[in-house]
Every structure is written in C-alpha cells, then in structure tokens.
Protein chains: 2
Amino acid sequence: MTHPRADRPESPEERPVFTRVGGFVDRDAWTAEGWCKIERSLEVVGTRSAMILIREAFYGGRRFDELTRRTGLSDAVAAKRLKQLVDDGLMTQQPYREPGSRTRHEYVLTDRGRALFPVVVALMEWGAGLGGPSAGVELVHAGCGEPLAAAVRCTAGHDVSIEDTQARVKRSRSRR
Amino acid sequence: MTHPRADRPESPEERPVFTRVGGFVDRDAWTAEGWCKIERSLEVVGTRSAMILIREAFYGGRRFDELTRRTGLSDAVAAKRLKQLVDDGLMTQQPYREPGSRTRHEYVLTDRGRALFPVVVALMEWGAGLGGPSAGVELVHAGCGEPLAAAVRCTAGHDVSIEDTQARVKRSRSRR
DNA sequence: CTGTATCCCAGCGGATACTG
DNA sequence: CAGTATCCGCTGGGATACAG
C-alpha cells in the first residue's frame, strides 16, 4: 500500500524533487475542495499588503499610523487589509490607553499570526539570495547574535532535505 | 551603538514579537531601494500562480501539460508565469527526448527554485492549521515516515523562538 | 489619529480561438 | 502537445477627499 514508486524513474538531468508515493492525484481531486494547503494559505496571506503588514507587526509595529507609514501602504489599503487580517484571526485589536490621552486601539498578532514566523524567516532568507541591496533589517538570535535561517525537520527531529522528502496523498474518507 | 532598546517598553497585553535593536528605520529608508527582503521575494513568487506552479514542480511535475492540469491554471496563465519563472531563474527548460518521439521540453527547478523548500513547507504547515479538509498531499521524511515541519534556527545551530529574535538594521554604507 | 468612501489604473487569471 | 493572442471581469493598491 505504501509501496515506494518512482513516478518517472529515470529522467534527464536528474534534479531531485519530492518522491511521489502512491497513486498521485490529478486535477479533479485537487481543485475539488481546497485540498492544497498552500492555496489555503495564500487566500489569507497571498497579497503583498498582508505579508508586509505581518512583517511590520513582527517588527513590533502596533498602531495604525506606524503600520501604514513603515509599510508604505496607503491608508485605504492598510485599513482594508488589517480588517481582513483581524477577521481571519491573524491579528486582534486591543484597547490601549496612553496615560493622559484617550483610548486607542493597537493591532497585535494572535497565535495564528505568530505561527507565520517560519514563513517570514524563510521568505526573508530567500529574498536575500536574490541580490539587491544587502542593507535592511536583519534577524539574529538574541542569545548568540547569529543570523536566522529557516530549516525543515520532521516531527521526530531529523533534518530533512528535499531528497529525503516523500509526498503522499492522504485520503480522509470524506462523505460523498 | 548596538545598544538594546525596547521601542515600546511596557505595552498592554505583552505579546512578544521581535526585539528591535538600534534606531529602527522608518518609511523613507524602507521603501528607498528595495530593502525589505520579503518584498523582494514577493515580486517573484507573490502570485498564486507562481507559488502553486512551484509546488507542483516540487511534487515532480515537469511537462507543461502536467503543470497546467494539476494546478488547475489556464494555459495562458501557466505559460506566462512559467516564462517569468524561467526568466527569474527559478526554473529552466531542458530538452527531453522520449524514445521514439520527438524532443520535448521539461521544466525543472533550479537551485534557486529549490531553495524555496522551507517556504513551501512552512506555508503548507500553516495552511493546515487553517482548518478545511485534512486530506491532500502530505510531506513526510522518507527515512522515518514522520511529517515535516518548518523550523527556525540560527546559523550556530540553536533553535530560535520569536522571543529570542532580535531585529536590527544593517546599514551597508552604500554609495551615494 | 484612525479610519471610510470614491475614483482610477494595472495586473492577475479565466475562456476561447488559433499556431507550430 | 505546447504554447500564443485576444478579450474581459475581478481585485489589489494608490490618491484624494471626507468623517468620528
């Protein structure tokens, strides 16, 4: 049943990608009901404005003013996207009172938003490899000062490379 | 100079994000010349079509037909995006000859494309947390069968959490 | 200061028809 | 089979003006 099978045994210029295991899906099963988890993610954070607002939130931005100015987004776009991020549960608006002034709201990341940490790090790392100015914000480990890098591991704790990755279809005996 | 400073020392409902170190940038420096590495990434893989074509390439898709059918993209969009991905150096087109038929081209990921591995894994993992059908493609470690997860580490090898992350501005004394 | 409302344009992505 | 060309609707995002 879980018997390894190379889908295209010998290919020209073998550049390893995931090993496909079992009968692999085709289009019908794919697009059927949002099976692809990447597409699901992109429906929420697939826009430029969403990702850079989240970046800015990780950098510590909280107030509307801060978030728009430091992202360079227009008020309208920022407001719309922030509302969507709140609706989607990535941020919440918390009342906040500065001594002596009236109550404000601050946007703070929820756990779901904070769970994008590896995504943000991975995108930053990959973007750094594209060339361009090497200046900008750099993320480092507070403990030792070394820069961060995204890694892939299995839940058993092993480091996993692309060659060691198997892609298999998980069927969840759904009704119908 | 690199003296730690909490930008907003005590905030309501302290939800940790990155510690900002040094004078933090503002909008002018930001948008100036593409300093943000995330924005740089998004200019290349910021569209839905780009990401899911790359996903499909990781799954082993190579031929134009395969890539369009399994992504559900229209021919036109797939062709346009694939051309862009080739131009941007994420894929190459390799001639490929099936015994007995004429020469074809296959799209294969370059090293730069394959470097998106952590991004893909991180997005899949995050998307799985959004709910929806739990079926679909699952990535596992071929060695032990356990599912993959994205992790963040420093180059010294320590696991790094959000709380242990410092964001600092790297100025690269650029000309002008 | 924190948004909302409107107008506008560019780009994404689908559908269809056509080429080599 | 592997695209290209055209048309067209939708949305993202900027600008500007206005509101609480």
Side-chain angles (χ1 to χ4, degrees), chain A residues 8 26-27 30-31 36 38-39 42-57 61-88 91-108, chain B residues 8 26-27 30-31 36 38-39 42-57 61-88 91-108:
Chain A
R8 182 184 302 275
D26 73 339
R27 195 265 164 92
W30 254 142
T31 49
C36 176
I38 291 184
E39 290 192 57
L42 293 183
E43 276 177 29
V44 182
V45 293
T47 61
R48 194 184 86 105
S49 54
M51 275 305 308
I52 65 181
L53 281 169
I54 287 170
R55 170 208 78 188
E56 207 47 51
R62 286 165 166 255
R63 295 212 316 266
F64 184 81
D65 171 63
E66 255 176 334
L67 293 171
T68 54
R69 187 164 34 83
R70 287 211 292 247
T71 55
L73 293 171
S74 69
D75 295 2
V77 173
K80 179 181 171 184
R81 198 61 55 200
L82 283 169
K83 177 176 292 185
Q84 184 202 306
L85 290 174
V86 169
D87 288 348
D88 289 338
M91 291 189 182
T92 51
Q93 272 188 298
Q94 296 190 349
Y96 165 61
R97 142 147 287 161
E98 256 173 4
S101 80
R102 74 191 203 290
T103 305
R104 299 283 170 68
H105 290 279
E106 292 200 321
Y107 293 91
V108 300
Chain B
R8 183 183 303 274
D26 73 338
R27 196 265 164 93
W30 254 143
T31 47
C36 176
I38 291 183
E39 291 192 56
L42 293 183
E43 276 175 31
V44 181
V45 293
T47 62
R48 194 183 85 105
S49 54
M51 275 305 309
I52 65 180
L53 280 169
I54 287 170
R55 170 208 78 188
E56 207 46 52
R62 286 167 165 252
R63 296 213 313 267
F64 183 82
D65 171 63
E66 253 176 335
L67 293 171
T68 55
R69 188 166 32 84
R70 287 211 291 245
T71 55
L73 293 171
S74 68
D75 296 2
V77 172
K80 179 179 171 184
R81 199 61 53 201
L82 283 169
K83 177 176 293 185
Q84 183 201 306
L85 290 174
V86 169
D87 288 348
D88 288 339
M91 291 190 183
T92 51
Q93 273 188 296
Q94 296 190 350
Y96 165 62
R97 141 148 287 161
E98 255 174 4
S101 80
R102 74 191 203 289
T103 304
R104 298 283 169 70
H105 290 281
E106 293 199 320
Y107 292 91
V108 300

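So you know, we letter chains A, B, ... as the sequences are listed, proteins then strands, and number each from 1. This is a predicted model, so every value here is computed, not measured.
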Counting side-chain heavy atoms from CB outward, which of [options] is closest to [X]?
{"X": "A/V77", "options": "D/dG14, D/dG12, D/dT6", "value": "D/dG14"}
{"X": "A/F64", "options": "C/dG13, C/dT2, D/dA2", "value": "C/dT2"}
{"X": "B/R63", "options": "C/dT2, D/dT6, D/dA2", "value": "D/dA2"}
{"X": "A/K80", "options": "C/dC12, D/dT6, D/dG12", "value": "D/dG12"}
{"X": "A/A76", "options": "C/dG13, C/dA5, D/dT4", "value": "C/dA5"}
{"X": "B/D65", "options": "C/dG13, D/dC1, C/dG3", "value": "D/dC1"}
{"X": "A/D75", "options": "C/dT4, D/dG3, C/dC12", "value": "C/dT4"}
{"X": "A/S74", "options": "D/dG14, C/dT2, C/dC12", "value": "D/dG14"}

Rounding to an integer number of Å, can you tell me how far [X] [atom1] sits from [N] [atom2]?
{"X": "B/L67", "N": "D/dC1", "atom1": "CG", "atom2": "P", "value": "13 Å"}
{"X": "A/E66", "N": "C/dC1", "atom1": "CD", "atom2": "C1'", "value": "13 Å"}
{"X": "A/L85", "N": "D/dG12", "atom1": "CG", "atom2": "P", "value": "12 Å"}
{"X": "B/E39", "N": "D/dG12", "atom1": "CD", "atom2": "P", "value": "17 Å"}
{"X": "B/L82", "N": "C/dG13", "atom1": "CG", "atom2": "P", "value": "12 Å"}
{"X": "A/Q84", "N": "C/dG3", "atom1": "CD", "atom2": "P", "value": "16 Å"}
{"X": "B/L53", "N": "C/dC12", "atom1": "CG", "atom2": "P", "value": "13 Å"}
{"X": "A/R81", "N": "D/dT11", "atom1": "CZ", "atom2": "C1'", "value": "9 Å"}

Report the distance from atom CG of A/L53 to atom CG of A/L82, rounding to the nearest 0.5 Å.
->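 Separation between the atoms: 5.0 Å.
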
Any [X] side-chain nitrogen or oxygen under 4.0 Å from OP1 or OP2 of [N]:
{"X": "B/S49", "N": "C/dC12", "value": "no"}
{"X": "B/Q93", "N": "D/dG3", "value": "yes"}
{"X": "A/R48", "N": "D/dT11", "value": "no"}
{"X": "A/K83", "N": "C/dT4", "value": "yes"}

Would you mind telling me which of B/Q93, B/Q94, B/R63 makes a side-chain hydrogen bond (donor to acceptor under 3.5 Å, both in side chains) with B/Y107?
->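 So the option named by the test is B/Q93.
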
Between B/K83 and B/D87, is there a side-chain N and carboxylate O pair less than 4.0 Å apart?
->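 No, B/K83 and B/D87 are not salt-bridged.
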
Give a yes or no on whether a salt bridge exists between B/E43 and A/R48, defined as a side-chain N under 4.0 angstrom from a carboxylate O.
->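 Answer for the salt bridge query: no.
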
Between B/R81, B/R70, B/R62, which is the residue that forms a salt bridge (charged side-chain N to carboxylate O under 4.0 Å, His left out) with B/E56?
->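 Of the listed options, the one satisfying the test is B/R70.
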
